[in-house]
*Asks:* 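Take this structure first; my questions come after.
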Amino acid sequence: MIHVSLPNGSVIKVERDATILDAARVIGPRLAQAAVAGVVDGDLRDLREKLTGDCQLTILTAGSGEGLEVLRHTTSHILAQAVKRRFPETKLGIGPAVEDGFYYDFDREQPFSEDDLAVIVEEMKAIVAADLPIERILLSKQEAGKRLELQDEPYKLELLDELPGDTATSFQQGEFSDLCRGPHLQSTGQVSADAIRLTSVAGAYWRGDEHRPMLQRIYGTAWWKASELDEYLERIEAIKARDHRRLIRDLDLVSFHEEAGAGLAYWHPHGGRMRVLIEDYWRKRHFEGGYEIVFTPHIGRARLWETSGHLDFYKDGMYAPMDIDGQEYYLKPMNCPFHVMIYKSQTRSYRELPLRWAELGTVYRYERSGTLHGLLRVRGFTQDDAHIICTPEQIDDEILRVLDFSLSLLRGFGFEEFKIELSVRDPSRPEKYAGEDAMWEAAEGSLIKAITARDLPYERMEGEAVFYGPKIDIKIRDALHRTWQCTTIQFDFNIPGRFEMTYVGEDGLDHRPYMVHRALLGSLERFYALLVEHYGGAFPVWLAPVQTVLIPISDRHLPFAKDVEARMRSCGVRVELDASSERMNGKIRNAQLRKIPYMMVIGDREQESDTVSVRLRTGEDLGAQPVEDVIERIRRLNESRSTSLT
RNA sequence: GCCAGCGUAGCUCAAUCGGUAGAGCAACUGAUUUGUAAUCAGUGGGUUGUCAGUUCGAUUCUGGCCGCUGGCUCCA
């Protein structure tokens with residue numbers, strides 16, 4: 001007998017080699033029936049796996065959040081079974097659960113159409129209705145190989161070959177079996193037929209390798225209850241409503257033009273106003289933070305990019321060169337070499353360091369056409385770039401300073417939750433990286449020191465470092481709990497050497513400075529898209545392109561309204577007067593749809609008392625307010641960058 | 001770049017089994033002067049993304065290109 005500890009602290013005894021399902025039966029028959037998987041000493045396991053020794057066991061049941069992964073994985077098998085029934089010539093790839101759903105990759109001559117998906121779903125529902133028991137079969141690899149050859153599943157055979165150990169598991173439901181690690185539900189009937197949905201079909205390279213065949217990936221989602229599926233679909237709708245691509249058009253902020261080139265953004269007046277507000281705040285913070293601001297050209301001679309190494313590593317991502325007086329010039333994909341030019345314009349002393357040079361530098365990168373996506377991925381964008389050039393002794397302080405600065409700046413834009421990633425070398429492949437081991441270790445040390453000094457949780461990403469140095473990335477979490485990478489703080493062991501950057505030390509000798517490359521907002525275009533989606537277009541007062549619309553009740557209030565408009569504008573309020581022939585209700589509606597923070601109604605009463613009646617975009621009515629008070633309120637909210645309207 | 005889908009007025013969409021297109025909103029004009037999410041009436045607006053091909057005839061069918069969408073790959 002072995003001892004199995006349960007989450008409530010009690011311990012049960014079961015036979016050695018009893019299955020997890022057996023243990024569940026000991027706890028209670030109803031639990032066993034609802035069981036979908038077990039967690040043994042923290043690892044998710046299939047119910048049919050054996051317990052070989054004393055352990056901690058949690059039984060996951062249908063309906064539980066943790067069990068969803070199992071449900072979705074099983075649903076992906078049901079999808080595969082349905083596809084094999086309706087399209088027997090199809091070859092199977094892999095079919096895992098993913099966030100919010102699952103997919104299965106198939107190889108089939110003819111692509112799956114929308115109509116095919118409908119047919120497949122029908123078959124899936126039949127499989128669920130049949131309530132087929134799901135069996136877990138332990139096989140020798142040899143036996144498993146034979147079966148797969150018989151089934152003519154080349155992709156599965158490839159996976160089997162690479163499986164460690166001598167055994168493999170296969171899951172069988174009805175006539176369908178699939179090489180799979182599991183875990184799975186006990187039967188197909190545990191899936192709710194009315195809570196599954198196939199969402200899309202897309203191409204996906206076999207094993208993520210673009211040199212391998214492209215399979216067809218069918219995406220789907222599955223939930224325990226239809227109501228959960230509905231909630232999920234509603235959430236997707238909510239995300240769509242905030243999609244910046246829709247909002248930048250509806251709110252007349254930014255546009256793209258087919259005839260002018262893909263991935264190139266046009267900022268309209270209101271988008272432009274916001275951009276100026278963002279940039280002004282950014283500049284103010286940078287001056288306060290000890291940075292100097294520099295400006296550099298958009299193009300530079302090929303020689304610069306040869307020296308920097310960009311032409312070696314990233315030529316494909318650069319726009320083609322142009323011939324100027326027999327010299328090759330490239331559009332800049334990065335700002336660093338230009339900042340190096342400024343550094344090298346004179347002999348530098350250790351007394352000048354650290355230098356912190358920032359630039360809102362517009363760069364152009366030839367992104368592959370399929371990767372372009374609204375403002376989130378464009379070909380011409382402005383980096384809020386800076387280079388910190390310092391001595392090795394100063395590096396710890398500088399890193400900590402950048403980290404603090406970045407978090408503070410992002411908070412200034414209304415983001416509160418962050419995720420920090422430390423990207424370091426792949427320890428098994430040192431040859432992939434520039435710079436000496438000692439430098440890498442020291443650099444990693446300073447990065448960790450900074451993160452731990454602020455007691456921030458972080459994730460270590462092995463092998464995610466860039467070839468020229470380790471880095472810290474900061475991701476922000478937006479109002480919809482999605483994470484987006486913004487800040488990157490990168491050591492650069494490549495550039496200082498390639499450009500032979502030096503400073504004269506206390507000892508009168510030349511030394512090589514350390515260089516840190518950092519972008520905090522990342523790209524302004526991208527960051528702007530995040531702001532638009534984070535606020536759903538309802539911007540805080542300090543960012544709103546139009547802060548208030550004045551709504552005169554009738555034309556006889558126009559002179560007073562114009563006077564209020566002029567007073568507000570002279571105080572820096574971004575104000576518009578709606579002098580159209582709409583009725584007041586119509587004017588309010590128009591302002592509301594534009595998500596303008598304040599609507600200020602002006603009629604007889606207001607005109608007599610030098611007030612405006614303030615309606616918030618939330619629908620709240622603040623009643624009549626003296627004009628001076630309203631101006632003061634907006635001024636105060638500008639200053640605090642508060643998201644409140646009052 | 002790859003796979004799939006899509007491209008009709010500024011926006012959202014309709015129509016044409018191949019016979020050159022229509023609505024709502026927006027715009028414009030006129031009337032209306034209104035108290036917290038749509039005042040009424042009228043007018044203009046499209047070489048149906050683009051270039052070829054098939055056809056008596058193409059917006060509809062075929063192909064190239066451009067762009068967009070969902071993925072994959074990529075992201076210094």
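In what follows, every chain begins at residue 1, and chains take the letters A, B, ... in the order their sequences are listed. Keep in mind that what you see is a predicted model, and the values were worked out from it rather than measured. Just so it is clear, the values below take in all heavy atoms, side chains as well, and ignore hydrogens, waters and symmetry mates.
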*Asks:* On the nucleotide B:C74, are OP1 or OP2 found under 4.0 Å from the side-chain N or O atoms that A:R377 carries?
*Replies:* no
*Asks:* For the P atoms, the ones on B:U69 and on B:U8, what distance do you get once it is rounded to whole angstrom?
*Replies:* 14 Å
*Asks:* Taking any strand in view, what nucleotide pairs with B:C72 in a Watson-Crick or G-U wobble way, both distances under 3.5 Å?
*Replies:*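 WC or wobble partner is B:G1.
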*Asks:* Identify, residue by residue, the members of residues 581-607 of chain A with a heavy atom below 4.0 Å from RNA chain B, and return them in order of residue number, or none.
*Replies:* A:S581, A:E582, A:R583, A:M584, A:N585, A:G586, A:I588, A:R589, A:Q592, A:L593, A:V601, A:G603, A:D604, A:R605, A:E606
*Asks:* Look at all strands and tell whether A:G619 reaches a base, only sugar-phosphate, or nothing, counting heavy atoms closer than 4.0 Å.
*Replies:* nothing
*Asks:* Please name the nucleotide paired to B:U62 by Watson-Crick or G-U wobble geometry with both distances under 3.5 Å, or report none.
*Replies:* B:A52
*Asks:* Under 4.0 Å: is that the gap between some side-chain N or O of A:R556 and OP1 or OP2 of B:U34?
*Replies:*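 The answer is yes; a side-chain N or O of A:R556 sits under 4.0 Å from OP1 or OP2.
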*Asks:* Ignoring backbone atoms, test whether A:R245 places a side-chain nitrogen or oxygen under 4.0 Å from the OP1 or OP2 oxygen of B:C68.
*Replies:*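 Result: no.
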*Asks:* B:U34 P sits how many Å from A:L558 CG, rounded?
*Replies:* 13 Å
*Asks:* Check the distance between B:C68's C1' and A:K240's NZ and give it to me in whole angstrom.
*Replies:* 15 Å
*Asks:* Report the distance from atom CZ of A:R212 to atom C1' of B:G1, rounded to the nearest whole Å.
*Replies:*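 Spelled out: CZ on A:R212 to C1' on B:G1 is 19 Å.
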*Asks:* Under a 3.5 Å cut-off for both distances, is B:C40 Watson-Crick or wobble paired, and to whom?
*Replies:*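 Base partner found: B:G30.
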*Asks:* Send over the distance from A:E367 CD to B:C2 C1', rounded to a whole Å.
*Replies:*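 Interatomic distance, CD of A:E367 to C1' of B:C2: 16 Å.
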*Asks:* When the P atoms of B:G67 and B:U54 are considered, how many whole Å apart are they?
*Replies:* 27 Å
*Asks:* Closest nucleotide of RNA chain B for A:Y364 versus for A:P111: which of these residues is on the 5' side?
*Replies:*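 Final value for this comparison: A:P111.
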*Asks:* Do A:W484 and A:D478 meet the criterion of a side-chain donor-acceptor pair at a distance under 3.5 Å?
*Replies:* yes
*Asks:* Say we look at B:C61 and B:U29: how far apart would their C1' atoms be, to the nearest angstrom?
*Replies:* 43 Å
*Asks:* Which value, in whole Å, describes the distance between the C1' atoms of nucleotides B:C51 and B:U59?
*Replies:*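 One C1' to the other, the span is 15 Å.
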*Asks:* Does A:Y219 have a side-chain nitrogen or oxygen under 4.0 Å from the phosphate oxygens OP1 or OP2 of B:A4?
*Replies:*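 For B:A4, OP1/OP2 do not have a side-chain N/O of A:Y219 under 4.0 Å.
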*Asks:* In whole Å, measure the gap between the C1' atoms of B:U48 and B:U60 for me.
*Replies:* 10 Å
*Asks:* State whether A:S369 places a side-chain N or O below 4.0 Å from either non-bridging phosphate oxygen (OP1 or OP2) of B:G1.
*Replies:* yes
*Asks:* Is it the case that more than 12 heavy atoms not belonging to A:K432 sit under 6.0 Å from its NZ atom?
*Replies:* yes
*Asks:* Could you go step by step and tell me if A:H270 and A:D252 meet the side-chain hydrogen bond (donor to acceptor under 3.5 Å, both in side chains) rule?
*Replies:* CA-CA 7 Å; A:H270 286 176; A:D252 191 18; 5.4 Å; no
*Asks:* Looking only at non-hydrogen atoms, find the nearest pair between A:K595 and A:R617 and report the distance.
*Replies:* O-NH1, 2.9 Å
*Asks:* For the base of B:G1, is there a side-chain donor-acceptor partner from A:Y205 under 3.5 Å away?
*Replies:*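 Side chain to base: pair present.
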*Asks:* With heavy atoms under 4.0 Å as the rule, sort A:H557 into base, sugar-phosphate or nothing.
*Replies:* nothing
*Asks:* Assign A:A202 to base, sugar-phosphate, or nothing according to its heavy-atom contacts below 4.0 angstrom with the strands shown.
*Replies:* base
*Asks:* For B:G71, does either OP1 or OP2 sit under 4.0 Å from a side-chain N or O belonging to A:H373?
*Replies:*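 No, A:H373 has no side-chain N/O under 4.0 Å of OP1/OP2 on B:G71.
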*Asks:* For A:Q607 and A:R556, which I'm curious about, is there any donor-acceptor pair between the side chains at under 3.5 Å?
*Replies:*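 Per modelled atom types, A:Q607 and A:R556 side chains form no pair under 3.5 Å.
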*Asks:* What contact category does A:Y468 fall into here, base, sugar-phosphate, or nothing, at under 4.0 angstrom with non-hydrogen atoms?
*Replies:*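 Sugar-phosphate contact only.
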*Asks:* Do A:Y219 and A:R217 have side-chain atoms, one donor and one acceptor, less than 3.5 Å apart?
*Replies:*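 Looking only at side-chain atoms, A:R217 and A:Y219 do form a donor-acceptor pair, the distance falling under 3.5 Å.
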*Asks:* Looking only at side-chain atoms of A:M214, point me to the closest of B:C72, B:G70, B:A76.
*Replies:*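 Out of B:C72, B:G70, B:A76, the nucleotide with an atom closest to A:M214's side chain is B:C72.
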*Asks:* How close or far is atom C1' of B:C68 from atom CZ of A:F256, stated in whole angstroms?
*Replies:*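 About 11 Å, once rounded to whole Å.
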*Asks:* Please work out if A:Q490 contacts a base, only the sugar-phosphate, or nothing of the nucleic acid, heavy-atom cut-off 4.0 Å.
*Replies:*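 A:Q490: backbone/sugar contact only, no base atoms under 4.0 Å.
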*Asks:* Once you apply a heavy-atom cut-off of 4.0 Å, does A:S613 come out as touching a base, just sugar-phosphate, or nothing?
*Replies:*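 Base contact.
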*Asks:* Mind checking who B:C6 pairs with, Watson-Crick or G-U wobble, both distances under 3.5 Å?
*Replies:* B:G67
*Asks:* Touch check for A:R615, heavy atoms < 4.0 angstrom, all strands: base, sugar-phosphate only, or nothing?
*Replies:* base
*Asks:* Which is more 5' along RNA chain B, the nucleotide nearest A:D243 or the one nearest A:M318? Just name the residue.
*Replies:*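 Nearer the 5' end of the strand: A:D243.
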*Asks:* When the ring centroid of A:F106 is compared with that of A:F87, is the distance short of 6.0 Å?
*Replies:*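 No.
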*Asks:* So, is A:R246 close to the B:U12 phosphate, meaning a side-chain N or O under 4.0 Å from OP1 or OP2?
*Replies:* yes
*Asks:* Could you work out the separation of B:G7 and B:U39 based on their P atoms and round it to a whole Å?
*Replies:*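 34 Å, rounded to whole Å.
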*Asks:* Out of A:Y329, A:F338, A:F313, A:Y319, which one pairs with A:W305 under the ring pair (Phe, Tyr, Trp, His ring centres under 6.0 Å) rule?
*Replies:* A:F338
*Asks:* Roughly how many Å apart are B:G70 and B:G35, using the C1' atom of each and rounding to a whole number?
*Replies:* 48 Å
*Asks:* Distance check, C1' atoms only: B:A38 and B:G45, in whole angstrom units.
*Replies:* 23 Å
*Asks:* Could you state the CD-C1' distance from A:E259 to B:G49, rounded to the nearest angstrom?
*Replies:* 10 Å
*Asks:* Once you apply a heavy-atom cut-off of 4.0 Å, does A:E210 come out as touching a base, just sugar-phosphate, or nothing?
*Replies:* sugar-phosphate
*Asks:* In whole angstroms, how far is the P atom of B:U73 from the CG atom of A:D105?
*Replies:* 10 Å
*Asks:* Nearest to the A:I553 side chain among B:G35, B:U73, B:G7, which nucleotide is it?
*Replies:* B:G35
*Asks:* Identify the two heavy atoms, one from A:R197 and one from A:L229, that lie closest to each other, and give their separation to 0.1 Å.
*Replies:*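 Shortest heavy-atom contact: CB-CD1, 4.2 Å.
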*Asks:* If you check every side-chain atom of A:V466, which of B:G70, B:A76, B:C72 has the closest atom?
*Replies:* B:A76
*Asks:* Side chains of A:D243 and A:E533: closer than 4.5 Å at any heavy-atom pair?
*Replies:*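 Counting from C-beta outward, A:D243 and A:E533 do come under 4.5 Å.
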*Asks:* Specify the separation, in whole Å, of atom CZ of A:F338 and atom P of B:A76.
*Replies:* 19 Å
*Asks:* Can a donor-acceptor pair be found between the side chains of A:Q383 and A:N335 at a distance below 3.5 Å?
*Replies:* yes
